[in-house]
Amino acid sequence: MAIEAPASKFRKNNIKIYIVACFIAAAWFFYDGYFNKNFIEKQTDENGKPNSTLVFNQKSPPFFAAGAVLLGVYLVIINKKKLLADENELIINNKITIPYDSIEKINKTYFESKGYFILTFKDNNGKEADIKISNRKYDGLENILNHLIKKIS
């Protein structure tokens with residue numbers, strides 16, 4: 001029986017908030033830079049030359065919109081990430097595979113208070129490696145941790 005821990009809702013919701021904030025900023029600056037006559041008059045000197053604030057409001061909206069699109073792409077990538085603990089190994093994001101017999105210790109000191117544990121294992125070259133697994137990246141870590149402890153002991 002495999003136990004799965006998908007990408008954290010905390011992380012996904014934060015990215016969604018950033019996307020909305022980028023689109024709101026782009027719309028606000030676009031409006032102020034091109035349509036808000038009072039703002040344009042205040043930010044233009046008597047020669048008709050715009051100051052740096054007006055120039056920023058006119059040139060920044062495409063960058064905010066591009067940032068929102070990039071964050072959307074990042075959100076799609078994040079949705080595919082997960083931890084998978086099957087009968088023989090721990091699989092992280094379908095990239096890192098850690099067999100249970102190579103795990104040397106699990107430091108769960110901060111799991112209750114801060115939501116992460118540190119896994120120490122031997123990599124393919126025989127070197128000791130640590131990996132920090134946090135509940136800010138994955139939901140359902142308690143089940144994974146309990147499964148790992150059961151498999152190791």
Side-chain angles (χ1 to χ4, degrees), residues 1-86 89-99 103 106-121 123-125 127-149:
M1 178 179 105
I3 300 172
E4 186 176 311
S8 169
K9 287 183 183 178
F10 169 81
R11 195 173 186 190
K12 290 189 268 186
N13 287 339
N14 280 345
I15 293 171
K16 290 174 187 176
I17 290 169
Y18 295 146
I19 290 170
V20 169
C22 283
F23 277 129
I24 289 172
W28 187 336
F29 291 142
F30 183 78
Y31 173 75
D32 276 349
Y34 293 104
F35 297 110
N36 189 347
K37 299 300 179 194
N38 287 337
F39 183 80
I40 294 170
E41 288 175 12
K42 285 181 184 177
Q43 303 302 327
T44 306
D45 64 10
E46 50 281 335
N47 296 334
K49 184 177 179 190
N51 68 6
S52 61
T53 304
L54 182 57
V55 171
F56 178 80
N57 284 10
Q58 290 175 339
K59 294 189 178 185
S60 66
F63 294 101
F64 282 108
V69 170
L70 289 176
L71 285 169
V73 169
Y74 183 63
L75 182 62
V76 169
I77 292 170
I78 292 290
N79 279 330
K80 295 178 183 176
K81 294 190 176 202
K82 65 182 175 183
L83 282 178
L84 186 66
D86 64 10
E89 59 196 5
L90 176 68
I91 304 167
I92 303 171
N93 300 329
N94 292 327
K95 293 180 182 177
I96 301 171
T97 304
I98 303 171
I103 297 175
I106 300 173
N107 182 354
K108 61 178 185 167
T109 307
Y110 299 107
F111 187 70
E112 290 296 321
S113 61
K114 297 188 179 181
Y116 70 86
F117 62 92
I118 299 173
L119 196 64
T120 304
F121 63 98
D123 63 6
N124 294 338
N125 300 330
K127 292 184 179 179
E128 211 173 80
D130 290 334
I131 190 165
K132 179 179 174 182
I133 301 174
S134 172
N135 65 359
R136 294 197 178 207
K137 287 189 175 184
Y138 305 101
D139 285 338
L141 274 187
E142 190 168 345
N143 295 334
I144 297 279
L145 180 61
N146 291 336
H147 182 76
L148 288 174
I149 291 170

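Values below: all heavy atoms of this structure, side chains included; hydrogens, waters and symmetry mates excluded. This structure is a prediction, so every number in the text was calculated from the model and none was measured.
At a threshold of 4.5 Å between non-hydrogen side-chain atoms, the residues Asp32 and Thr53 do not count as touching. Looking only at side-chain heavy atoms (C-beta outward), Asn36 and Trp28 stay at 4.5 Å or farther from each other. Side-chain atoms of Asp86 and Glu89, non-hydrogen and from C-beta on, do get closer than 4.5 Å to each other. Under the 4.5 Å side-chain criterion, counting only non-hydrogen atoms from C-beta, Leu71 is not in contact with Phe23. Counting heavy atoms from C-beta on, the side chains of Ile40 and Leu54 come closer than 4.5 Å.
Atom CG of Asn124 is surrounded by 12 or fewer heavy atoms from other residues, nucleotides or ligands within 6.0 Å. Counting non-hydrogen atoms of neighbouring residues, nucleotides and ligands closer than 6.0 angstrom, the OH atom of Tyr18 reaches no more than 12 such neighbours.
Taking SG of Cys22 as the reference point, atom CD1 of Ile17 lies at 12.0 Å (rounded to 0.5 Å). Residue Tyr74 holds its OH atom at 11.0 Å from CG of Asn79, rounded to the nearest 0.5 Å. Here the CG atom belonging to Asp130 is positioned 8.0 Å from the CZ atom belonging to Phe121, to the nearest 0.5 angstrom. In this structure, CD1 in Ile106 is found 11.5 Å from CD1 in Ile118, a value given to the nearest 0.5 Å. The CD1 atom of Ile98 sits 6.0 Å away from atom CD1 of Ile133, with the distance rounded to the nearest 0.5 Å. To the nearest 0.5 Å, the span separating OG1 on Thr97 from CD1 on Ile91 amounts to 5.0 Å.
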>> Walk me through whether Asn13 and Lys16 qualify under side-chain contact (heavy atoms from CB on, under 4.5 Å).
In response: CA-CA 5 Å; Asn13 287 339; Lys16 290 174 187 176; 4.1 Å; yes

> Passes side-chain contact (heavy atoms from CB on, under 4.5 Å), Tyr138 versus Ile92? Steps please.
Replying inline: CA-CA 10 Å; Tyr138 305 101; Ile92 303 171; 3.7 Å; yes

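The backbone N or O of Lys95 sits nowhere less than 3.5 Å from a side-chain atom of Asn93 that would complete a donor-acceptor pair. At least one donor-acceptor pair under 3.5 Å links the side chain of Tyr34 to the backbone N or O of Gln58. A donor-acceptor contact shorter than 3.5 Å links the side chain of Asn107 to the backbone of Thr109. In this structure, the side chain of Asn143 does not engage the main chain of Asn146 through any donor-acceptor pair within 3.5 Å. Asn47 places no side-chain N or O within donor-acceptor distance of the main-chain N or O of Lys49, the cut-off being under 3.5 Å.
With sequence neighbours excluded, the residues that form a ring pair (Phe, Tyr, Trp, His ring centres under 6.0 Å) with Phe64 are Phe29. For Tyr31, the ring pair (Phe, Tyr, Trp, His ring centres under 6.0 Å) criterion is met by no residue, not counting sequence neighbours.
Gly140 and Ala5 get closest at one heavy-atom pair: O-CB, 4.2 Å. Nearest heavy atoms, Arg136 versus Arg11: O-CB, 3.6 Å. The minimum heavy-atom distance linking Ala65 with Ala26 is given by the pair N-CB, 4.1 Å. Nearest heavy atom pair, residue Lys114 against residue Asn135, reads O-OD1, 4.1 Å.
Figure legend: cation-pi geometry between Lys108 and Phe111 absent, as NZ or CZ is not positioned both under 6.0 Å from the six-membered ring centre and within 45° of its axis.
For the side-chain contact (heavy atoms from CB on, under 4.5 Å) with Leu90, the lone residue among Leu84, Ile131, Ile144 that qualifies is Ile144.
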